[in-house]
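Just below is one structure, and these are the notes that go with it.
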2 protein chains.
Amino acid sequence: MPDTDDRCETLCLHPEAITRAREALADEEALFDAAELFRTLGDQGRVRILTALSAAVLCVCDLAEILAMSQSAVSHHLRLLRAAKLVRPRKDGKNVFYSLDDEHVRLLFRTALDHVREE
Amino acid sequence: MPDTDDRCETLCLHPEAITRAREALADEEALFDAAELFRTLGDQGRVRILTALSAAVLCVCDLAEILAMSQSAVSHHLRLLRAAKLVRPRKDGKNVFYSLDDEHVRLLFRTALDHVREE
DNA sequence: TCCATATATGAACACGTGTTCATATGTCGA
DNA sequence: TCGACATATGAACACGTGTTCATATATGGA
(Lines give C-alpha, C1' and ligand atoms only; values in the text may rest on other atoms or scores of the structure.)
Protein backbone atom coordinates (compact mmCIF):
# COMPACT_ATOMS: atom_id res chain seq x y z
CA MET A 1 0.00 0.00 0.00
CA PRO A 2 1.58 3.31 -1.01
CA ASP A 3 1.79 5.87 1.73
CA THR A 4 0.19 8.78 -0.05
CA ASP A 5 -0.40 10.49 3.24
CA ASP A 6 3.05 11.86 3.87
CA ARG A 7 3.91 14.36 1.22
CA CYS A 8 6.35 17.20 1.00
CA GLU A 9 5.56 19.89 3.52
CA THR A 10 6.17 22.39 0.80
CA LEU A 11 5.99 21.02 -2.73
CA CYS A 12 9.23 21.67 -4.50
CA LEU A 13 7.86 23.04 -7.74
CA HIS A 14 5.39 25.40 -9.28
CA PRO A 15 1.88 23.95 -9.49
CA GLU A 16 2.02 24.23 -13.27
CA ALA A 17 4.87 21.72 -13.40
CA ILE A 18 2.85 19.34 -11.28
CA THR A 19 -0.12 19.83 -13.57
CA ARG A 20 1.92 19.19 -16.69
CA ALA A 21 3.33 15.99 -15.18
CA ARG A 22 -0.15 14.83 -14.21
CA GLU A 23 -1.44 15.47 -17.71
CA ALA A 24 1.40 13.46 -19.24
CA LEU A 25 0.33 10.51 -17.08
CA ALA A 26 -3.30 10.69 -18.14
CA ASP A 27 -3.35 7.82 -20.62
CA GLU A 28 -2.69 5.09 -18.07
CA GLU A 29 -3.60 2.24 -20.37
CA ALA A 30 -1.10 3.27 -23.04
CA LEU A 31 1.62 3.65 -20.41
CA PHE A 32 0.83 0.20 -19.06
CA ASP A 33 0.96 -1.28 -22.55
CA ALA A 34 4.26 0.46 -23.26
CA ALA A 35 5.73 -0.96 -20.05
CA GLU A 36 4.51 -4.41 -21.07
CA LEU A 37 6.13 -3.99 -24.48
CA PHE A 38 9.45 -3.03 -22.91
CA ARG A 39 9.16 -5.97 -20.52
CA THR A 40 8.74 -8.26 -23.50
CA LEU A 41 11.88 -6.75 -25.04
CA GLY A 42 13.78 -6.94 -21.76
CA ASP A 43 15.11 -10.45 -22.09
CA GLN A 44 18.37 -11.48 -23.66
CA GLY A 45 16.87 -14.50 -25.38
CA ARG A 46 14.12 -12.48 -27.03
CA VAL A 47 16.54 -9.72 -27.98
CA ARG A 48 18.69 -12.30 -29.71
CA ILE A 49 15.69 -13.84 -31.47
CA LEU A 50 14.57 -10.46 -32.78
CA THR A 51 18.11 -9.59 -33.83
CA ALA A 52 18.39 -12.81 -35.80
CA LEU A 53 15.00 -12.18 -37.40
CA SER A 54 16.07 -8.66 -38.33
CA ALA A 55 18.69 -10.24 -40.58
CA ALA A 56 16.76 -13.19 -42.01
CA VAL A 57 13.43 -14.98 -42.01
CA LEU A 58 13.94 -18.14 -39.97
CA CYS A 59 12.01 -21.16 -38.81
CA VAL A 60 11.82 -22.19 -35.16
CA CYS A 61 14.30 -24.98 -35.57
CA ASP A 62 16.89 -22.77 -37.23
CA LEU A 63 16.47 -20.19 -34.50
CA ALA A 64 17.03 -22.82 -31.84
CA GLU A 65 20.18 -23.99 -33.55
CA ILE A 66 21.62 -20.55 -34.28
CA LEU A 67 20.93 -19.30 -30.76
CA ALA A 68 21.90 -22.54 -29.02
CA MET A 69 18.59 -22.62 -27.17
CA SER A 70 16.12 -25.47 -26.75
CA GLN A 71 13.21 -25.58 -29.19
CA SER A 72 10.82 -25.31 -26.26
CA ALA A 73 12.43 -22.15 -24.92
CA VAL A 74 12.38 -20.57 -28.37
CA SER A 75 8.70 -21.40 -28.83
CA HIS A 76 7.79 -19.94 -25.47
CA HIS A 77 9.62 -16.73 -26.33
CA LEU A 78 8.00 -16.57 -29.76
CA ARG A 79 4.62 -16.86 -28.10
CA LEU A 80 5.27 -13.67 -26.14
CA LEU A 81 6.69 -11.92 -29.19
CA ARG A 82 3.59 -12.86 -31.20
CA ALA A 83 1.32 -11.54 -28.47
CA ALA A 84 3.23 -8.25 -28.57
CA LYS A 85 2.85 -8.08 -32.39
CA LEU A 86 6.61 -8.02 -32.74
CA VAL A 87 6.92 -11.10 -34.95
CA ARG A 88 4.66 -12.71 -37.52
CA PRO A 89 4.49 -16.45 -38.26
CA ARG A 90 4.08 -17.95 -41.73
CA LYS A 91 3.31 -21.62 -41.86
CA ASP A 92 4.94 -23.69 -44.59
CA GLY A 93 4.41 -27.42 -44.33
CA LYS A 94 5.84 -28.70 -41.10
CA ASN A 95 7.80 -25.53 -40.52
CA VAL A 96 6.78 -22.12 -39.23
CA PHE A 97 8.84 -19.20 -40.47
CA TYR A 98 9.02 -16.06 -38.37
CA SER A 99 9.75 -12.51 -39.48
CA LEU A 100 9.65 -9.11 -37.81
CA ASP A 101 6.14 -7.71 -37.83
CA ASP A 102 6.83 -4.00 -38.39
CA GLU A 103 9.47 -1.31 -38.39
CA HIS A 104 8.94 -0.22 -34.79
CA VAL A 105 11.13 -3.04 -33.57
CA ARG A 106 14.05 -1.97 -35.70
CA LEU A 107 13.76 1.62 -34.53
CA LEU A 108 13.52 0.55 -30.89
CA PHE A 109 16.64 -1.56 -31.26
CA ARG A 110 18.59 1.10 -33.11
CA THR A 111 17.75 3.64 -30.44
CA ALA A 112 18.56 1.25 -27.59
CA LEU A 113 21.89 0.29 -29.12
CA ASP A 114 22.73 3.96 -29.71
CA HIS A 115 22.02 4.61 -26.05
CA VAL A 116 24.07 1.78 -24.59
CA ARG A 117 27.00 2.48 -26.91
CA GLU A 118 27.28 6.22 -26.37
CA GLU A 119 28.89 6.24 -22.93
CA MET B 1 21.41 -26.64 -20.32
CA PRO B 2 20.36 -26.03 -23.92
CA ASP B 3 20.08 -29.12 -26.05
CA THR B 4 22.19 -28.03 -28.99
CA ASP B 5 22.53 -31.61 -30.08
CA ASP B 6 19.19 -32.09 -31.72
CA ARG B 7 18.90 -29.82 -34.69
CA CYS B 8 16.83 -29.83 -37.84
CA GLU B 9 17.61 -32.80 -39.98
CA THR B 10 17.68 -30.46 -42.92
CA LEU B 11 18.10 -26.82 -42.07
CA CYS B 12 15.19 -24.84 -43.41
CA LEU B 13 17.06 -22.04 -45.08
CA HIS B 14 19.94 -21.14 -47.30
CA PRO B 15 23.27 -21.07 -45.50
CA GLU B 16 23.65 -17.40 -46.36
CA ALA B 17 20.57 -16.56 -44.28
CA ILE B 18 22.06 -18.45 -41.36
CA THR B 19 25.32 -16.60 -41.81
CA ARG B 20 23.61 -13.21 -41.91
CA ALA B 21 21.71 -14.04 -38.73
CA ARG B 22 24.89 -15.14 -37.00
CA GLU B 23 26.66 -11.95 -37.99
CA ALA B 24 23.83 -9.82 -36.62
CA LEU B 25 24.31 -11.57 -33.27
CA ALA B 26 28.05 -10.94 -33.16
CA ASP B 27 28.09 -8.03 -30.70
CA GLU B 28 26.83 -10.01 -27.73
CA GLU B 29 27.72 -7.37 -25.17
CA ALA B 30 25.69 -4.67 -26.90
CA LEU B 31 22.72 -7.02 -27.20
CA PHE B 32 22.97 -7.86 -23.52
CA ASP B 33 23.11 -4.18 -22.62
CA ALA B 34 20.13 -3.43 -24.86
CA ALA B 35 18.13 -6.17 -23.16
CA GLU B 36 19.10 -4.72 -19.78
CA LEU B 37 17.97 -1.28 -20.91
CA PHE B 38 14.60 -2.64 -22.02
CA ARG B 39 14.27 -4.52 -18.75
CA THR B 40 14.81 -1.26 -16.90
CA LEU B 41 12.08 0.33 -19.00
CA GLY B 42 9.79 -2.66 -18.54
CA ASP B 43 8.13 -1.61 -15.32
CA GLN B 44 5.00 0.45 -14.96
CA GLY B 45 6.39 2.46 -12.08
CA ARG B 46 9.51 3.47 -13.97
CA VAL B 47 7.54 4.20 -17.13
CA ARG B 48 5.36 6.56 -15.13
CA ILE B 49 8.37 8.21 -13.51
CA LEU B 50 9.99 8.81 -16.90
CA THR B 51 6.73 10.07 -18.35
CA ALA B 52 6.36 12.57 -15.52
CA LEU B 53 9.96 13.68 -15.96
CA SER B 54 9.40 14.12 -19.69
CA ALA B 55 6.92 16.85 -18.82
CA ALA B 56 8.69 18.55 -15.91
CA VAL B 57 11.79 18.49 -13.74
CA LEU B 58 10.71 17.09 -10.39
CA CYS B 59 12.16 16.24 -7.00
CA VAL B 60 11.78 12.82 -5.42
CA CYS B 61 9.10 13.96 -3.05
CA ASP B 62 6.97 15.50 -5.78
CA LEU B 63 7.33 12.33 -7.84
CA ALA B 64 6.17 10.22 -4.92
CA GLU B 65 3.14 12.42 -4.43
CA ILE B 66 2.17 12.72 -8.09
CA LEU B 67 2.55 9.00 -8.70
CA ALA B 68 1.04 7.94 -5.36
CA MET B 69 4.06 5.79 -4.59
CA SER B 70 6.15 5.57 -1.44
CA GLN B 71 9.31 7.67 -1.35
CA SER B 72 11.32 4.51 -0.88
CA ALA B 73 9.91 2.83 -3.97
CA VAL B 74 10.54 5.95 -6.04
CA SER B 75 14.14 6.14 -4.83
CA HIS B 76 14.78 2.49 -5.65
CA HIS B 77 13.41 3.02 -9.15
CA LEU B 78 15.46 6.18 -9.63
CA ARG B 79 18.56 4.25 -8.67
CA LEU B 80 18.00 1.86 -11.58
CA LEU B 81 17.17 4.71 -13.93
CA ARG B 82 20.37 6.51 -12.95
CA ALA B 83 22.42 3.37 -13.53
CA ALA B 84 20.90 3.12 -17.01
CA LYS B 85 21.76 6.78 -17.70
CA LEU B 86 18.10 7.53 -18.28
CA VAL B 87 17.75 10.24 -15.66
CA ARG B 88 20.13 12.79 -14.18
CA PRO B 89 20.01 14.12 -10.61
CA ARG B 90 20.68 17.72 -9.63
CA LYS B 91 21.08 18.41 -5.97
CA ASP B 92 19.61 21.58 -4.55
CA GLY B 93 19.69 21.89 -0.79
CA LYS B 94 17.76 19.07 0.78
CA ASN B 95 16.08 18.20 -2.49
CA VAL B 96 17.27 16.26 -5.51
CA PHE B 97 15.70 17.20 -8.80
CA TYR B 98 15.59 14.66 -11.58
CA SER B 99 15.38 15.21 -15.31
CA LEU B 100 15.62 13.00 -18.38
CA ASP B 101 19.23 12.42 -19.31
CA ASP B 102 19.03 12.42 -23.12
CA GLU B 103 16.69 12.25 -26.09
CA HIS B 104 16.89 8.48 -26.53
CA VAL B 105 14.26 7.97 -23.85
CA ARG B 106 11.77 10.20 -25.60
CA LEU B 107 12.28 8.43 -28.91
CA LEU B 108 11.96 5.02 -27.28
CA PHE B 109 8.70 6.06 -25.63
CA ARG B 110 7.29 7.64 -28.77
CA THR B 111 8.04 4.50 -30.74
CA ALA B 112 6.66 2.19 -28.07
CA LEU B 113 3.45 4.20 -27.78
CA ASP B 114 3.10 4.26 -31.55
CA HIS B 115 3.39 0.49 -31.55
CA VAL B 116 0.90 -0.25 -28.81
CA ARG B 117 -1.62 2.21 -30.23
CA GLU B 118 -1.58 1.08 -33.85
CA GLU B 119 -3.60 -2.10 -33.52
C1' DT C 1 24.32 21.91 18.48
C1' DC C 2 20.00 19.55 17.93
C1' DC C 3 15.96 18.37 15.38
C1' DA C 4 13.11 17.94 11.34
C1' DT C 5 13.10 17.03 6.55
C1' DA C 6 14.64 14.89 2.03
C1' DT C 7 16.82 11.21 0.01
C1' DA C 8 19.27 6.78 -0.28
C1' DT C 9 19.90 2.06 0.80
C1' DG C 10 19.96 -2.71 2.92
C1' DA C 11 17.16 -6.74 4.37
C1' DA C 12 13.21 -9.54 3.92
C1' DC C 13 9.40 -11.18 1.59
C1' DA C 14 5.94 -12.00 -2.02
C1' DC C 15 5.37 -12.38 -6.69
C1' DG C 16 6.32 -12.79 -11.65
C1' DT C 17 9.07 -15.10 -15.10
C1' DG C 18 12.33 -18.15 -17.86
C1' DT C 19 13.76 -22.65 -18.15
C1' DT C 20 13.20 -27.66 -18.55
C1' DC C 21 10.50 -31.82 -19.03
C1' DA C 22 6.71 -34.09 -20.75
C1' DT C 23 3.28 -34.20 -23.93
C1' DA C 24 -0.12 -32.61 -27.41
C1' DT C 25 -1.04 -31.12 -32.18
C1' DG C 26 -0.25 -31.16 -36.91
C1' DT C 27 2.09 -32.36 -41.26
C1' DC C 28 4.73 -35.04 -44.50
C1' DG C 29 6.42 -39.42 -46.32
C1' DA C 30 6.33 -44.45 -46.66
C1' DT D 1 -2.54 -45.60 -41.80
C1' DC D 2 1.50 -45.28 -39.29
C1' DG D 3 5.76 -43.24 -37.88
C1' DA D 4 9.01 -39.44 -37.85
C1' DC D 5 9.54 -34.69 -37.47
C1' DA D 6 8.39 -29.58 -36.41
C1' DT D 7 6.06 -26.77 -33.36
C1' DA D 8 3.18 -25.46 -29.41
C1' DT D 9 1.90 -25.68 -24.72
C1' DG D 10 1.08 -26.94 -19.73
C1' DA D 11 3.20 -28.00 -15.21
C1' DA D 12 6.84 -27.49 -12.04
C1' DC D 13 10.71 -25.32 -10.29
C1' DA D 14 14.47 -22.05 -9.60
C1' DC D 15 15.58 -17.45 -9.88
C1' DG D 16 15.22 -12.44 -10.37
C1' DT D 17 12.74 -8.35 -8.96
C1' DG D 18 9.52 -4.79 -6.80
C1' DT D 19 7.69 -3.58 -2.61
C1' DT D 20 7.79 -2.43 2.31
C1' DC D 21 10.04 -1.55 6.63
C1' DA D 22 13.78 0.09 9.08
C1' DT D 23 17.58 2.84 9.10
C1' DA D 24 21.54 5.67 7.44
C1' DT D 25 23.16 10.05 5.47
C1' DA D 26 22.92 14.79 4.63
C1' DT D 27 21.16 19.42 4.64
C1' DG D 28 18.81 23.48 6.56
C1' DG D 29 16.62 25.88 10.36
C1' DA D 30 16.01 27.04 15.33
Side-chain angles (χ1 to χ4, degrees), chain A residues 1-13 32 35-49 57-84 87-98, chain B residues 1-13 32 35-50 53 57-84 87-98:
Chain A
M1 220 167 290
D3 40 359
T4 54
D5 291 347
D6 74 339
R7 48 166 68 182
C8 288
E9 298 275 309
T10 64
L11 282 177
C12 307
L13 279 196
F32 182 86
E36 193 177 38
L37 173 61
F38 285 130
R39 201 180 318 131
T40 301
L41 294 171
D43 175 86
Q44 200 189 3
R46 291 192 287 275
V47 162
R48 294 176 73 228
I49 289 175
V57 177
L58 296 166
C59 70
V60 177
C61 185
D62 285 345
L63 275 171
E65 207 257 334
I66 293 173
L67 302 173
M69 298 175 60
S70 74
Q71 175 267 319
S72 178
V74 172
S75 271
H76 279 296
H77 284 312
L78 286 170
R79 181 176 156 77
L80 294 179
L81 294 172
R82 275 192 328 256
V87 301
R88 186 176 15 183
R90 178 177 59 80
K91 200 165 184 184
D92 181 25
K94 280 187 295 186
N95 299 311
V96 178
F97 290 90
Y98 280 89
Chain B
M1 217 168 291
D3 38 0
T4 55
D5 291 346
D6 75 338
R7 47 164 69 182
C8 290
E9 300 273 310
T10 63
L11 282 177
C12 307
L13 281 196
F32 181 86
E36 193 178 37
L37 174 60
F38 286 129
R39 202 180 318 131
T40 302
L41 294 171
D43 175 86
Q44 200 190 4
R46 291 191 287 276
V47 161
R48 294 176 74 228
I49 288 175
L50 292 170
L53 293 180
V57 177
L58 296 166
C59 69
V60 177
C61 186
D62 285 344
L63 276 171
E65 207 256 335
I66 293 172
L67 303 172
M69 299 174 60
S70 74
Q71 174 268 319
S72 178
V74 172
S75 271
H76 280 295
H77 284 312
L78 287 170
R79 180 176 156 78
L80 295 179
L81 294 172
R82 273 190 332 254
V87 301
R88 186 177 17 184
R90 178 177 59 79
K91 200 166 184 182
D92 180 24
K94 279 187 296 184
N95 300 311
V96 178
F97 290 90
Y98 281 87

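Within every chain, numbering begins at 1; the chains are lettered A, B, ... in the order of the sequence lines, protein sequences first and strands thereafter. Computed from a predicted model, the values in this text were never measured in an experiment.
For Gln71(B) against dA8(C), a side-chain-to-base donor-acceptor contact under 3.5 Å is present.
Going from atom CG of Leu63(A) over to atom C1' of dA6(D) covers 13 Å, rounded to whole Å. Nucleotide dA6(D) holds its P atom 17 Å from the CZ atom of Arg90(A), rounded to whole Å. When the P atom of dT7(C) is taken as reference, atom CG of Leu81(B) falls 16 Å away, rounded to whole Å. Summarising the geometry, the separation between CE on Met69(B) and P on dT20(D) is reported as 8 Å, rounded to the nearest angstrom. Look at CG on Asp92(B): it is 12 Å from P on dT27(D), rounded to the nearest Å. One atom, NZ of Lys94(B), and another, P of dT5(C), lie 8 Å apart when rounded to the nearest Å. Atom CZ in Phe97(B) sits roughly 17 Å away from atom C1' in dA8(C) (whole-Å rounding).
Checked against dT19(D), dT20(C), dT7(C), the side chain of Val60(B) finds its nearest nucleotide in dT7(C).
Between the side chain of Arg46(A) and the backbone N or O of Thr40(A), at least one donor-acceptor pair lies under 3.5 Å.
For the OP1/OP2 pair of dT7(D) and a distance below 4.0 Å, the side-chain nitrogens and oxygens of Asn95(A) include at least one atom meeting the criterion. OP1 and OP2 of dT7(D) both lie 4.0 Å or more from every side-chain N or O belonging to Ser75(A). Taking only side-chain nitrogens and oxygens, Lys91(A) comes nearer than 4.0 Å to OP1 or OP2 of dT27(C).
Where Arg82(B) and Gly45(A) meet DNA chain C, the nucleotide closest to each residue was compared, and Arg82(B) sits on the side nearer the 5' end.
Considering only heavy atoms from C-beta on, Asn95(A) stays 4.5 Å or farther from Cys61(A) through its side chain. Using a 4.5 Å cut-off on side-chain heavy atoms (C-beta onward), Arg39(B) and Asp43(A) make no contact. Within the 4.5 Å cutoff, no side-chain heavy atoms of Phe97(B) are placed close to those of Lys91(B). Within the 4.5 Å cutoff, no side-chain heavy atoms of Tyr98(B) are placed close to those of Val57(B).
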Detail all sub-3.5 Å separations between protein N/O atoms and N/O atoms belonging to nucleotides 10-18 of chain C.
from	atom 1	to	atom 2	distance (Å)
dG10(C)	O6	His76(B)	NE2	3.0
dG18(C)	OP1	Arg46(A)	NH2	2.7

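Of all non-hydrogen atoms in Leu81(A) and Ile49(A), the two that sit nearest each other are CD1-CG2, 3.9 Å.
Among the protein residues, Tyr98(B) comes within range of the sugar-phosphate backbone only, with heavy atoms under 4.0 Å from sugar or phosphate atoms but none that close to a base.
Side-chain polar atoms of Gln71(B) and Ser75(B) form a donor-acceptor pair below 3.5 angstrom.
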